[in-house]
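Step one of this worksheet: look at the structure below.
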Amino acid sequence: MDRADIVKEGLHLAGVLASQKMLTAPKALGRDSIDVKLIEDRETLRTILDEAKKFQDKWPFYSRDAKTLEDKDFILLLAYAGDKKPANLNCGLCKMDCDSARQGKTFCVFSAVDLGIGLGVAVDVFNDFGVDNRIQWTLGEACKSLGLCPEGSVAIAVPMHVSSKNVFFDRFWWDRK
């Protein structure tokens, strides 16, 4: 195997293992409220970056996150919590009741916590394998906009890249000219 093949295979393996660890991570109340996709297709990845740039007028950092990955070999872990079934505790943590969550007016906080725990576990796997990564709400929203995860879900993307320089380290909030 040459360097390019090693990197490609390593990214794939790390993505699969991180996804598996996310799915088996502890969940609030024992509910399986998160799901995950590993996106490796170059055309789909390009479409996600292009979609993220469409939001740049409202939030300039969308474009920054997309530009970070332009012309780079990377794969994307898309994690989302699309659970419309609340915990049925009427705990009020979401500032509403569980009936409101069932109607899509709010999102169950327990599902969001599960997503956060899963993302933390995934990032830990990437760090163990030397895979540069960055948790990005922006690319998750772009994926949601493209219909890559269920309507009404909370989506977070984690792009993964391997090189001698971490592409996610020196990012700017705006284009400096």
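Residues Ile6 and Val162 form no side-chain contact, since every pair of their non-hydrogen atoms from C-beta on lies 4.5 Å or further apart. Proximity of Arg3 to Lys8: side-chain heavy atoms (C-beta onward) are nowhere separated by under 4.5 Å. In this structure, Asp73 and Val7 have side chains that are not in contact, with every pair of non-hydrogen atoms separated by 4.5 Å or more. Two residues are said to be in side-chain contact when any heavy atoms from C-beta on lie closer than 4.5 Å; Pro150 and Tyr80 meet this criterion. The shortest side-chain heavy-atom distance between Leu45 and Ile39 falls under the 4.5 Å cut-off. Taking the side chain as every heavy atom from C-beta outward, Val158 and Leu76 never approach each other to under 4.5 Å.
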#### Entry: Step-by-step salt bridge (Lys or Arg N to Asp or Glu O under 4.0 Å) determination, Lys144 to Glu141
CA-CA 5 Å; Lys144 222 165 81 170; Glu141 284 295 302; 3.3 Å; yes
### Task
Determine, step by step, whether Lys27 and Asp32 satisfy the side chain to side chain contact (heavy atoms under 4.5 Å, CB included) criterion, reporting the C-alpha distance in whole Å, the side-chain angles of both residues, the deciding distance to 0.1 Å, and the verdict.
CA-CA 7 Å; Lys27 310 291 187 305; Asp32 190 9; 4.2 Å; yes
### Lys54 and Glu51: CA distance, side-chain angles, deciding distance, salt bridge (Lys or Arg N to Asp or Glu O under 4.0 Å) verdict
CA-CA 5 Å; Lys54 292 179 183 176; Glu51 185 70 16; 3.2 Å; yes
#### Entry: Worked verdict on Arg46 versus Thr44 for side chain to side chain contact (heavy atoms under 4.5 Å, CB included)
CA-CA 5 Å; Arg46 169 65 39 214; Thr44 304; over 6 Å; no
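One finds the CG atom of Leu11 at 9.5 Å from the CG atom of Asp132 (value rounded to the nearest 0.5 Å).
Of all heavy-atom pairs spanning Ala87 and Cys108, the tightest one is N-SG, 3.6 Å. Minimum heavy-atom separation, Thr68 to Arg64: OG1-O, 2.9 Å. Contact record, Ile34 with Ser111: CG2-O, 4.3 Å, taken as the closest heavy-atom pair. What you find for Pro86 and Cys98 is that their closest heavy atoms are CG-O, 3.4 Å.
Side-chain atoms of Asp97 and Ser100 form a donor-acceptor pair, as typed in the model, at a separation below 3.5 Å.
Relative orientation of the Phe61 and Trp137 rings is tilted, given thresholds of 30° and 60° on the angle between their planes. Ring-plane geometry between His161 and Phe168 is classed as perpendicular, the angle between the planes exceeding 60 degrees on a 0 to 90 degree scale with a lower cut at 30.
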Could you pull out every donor-acceptor pair under 3.5 Å between side chains of residues 117-128 and any protein atom, sequence neighbours left out?
unit_1, atom_1, unit_2, atom_2, d
Asn127, ND2, Val123, O, 3.3

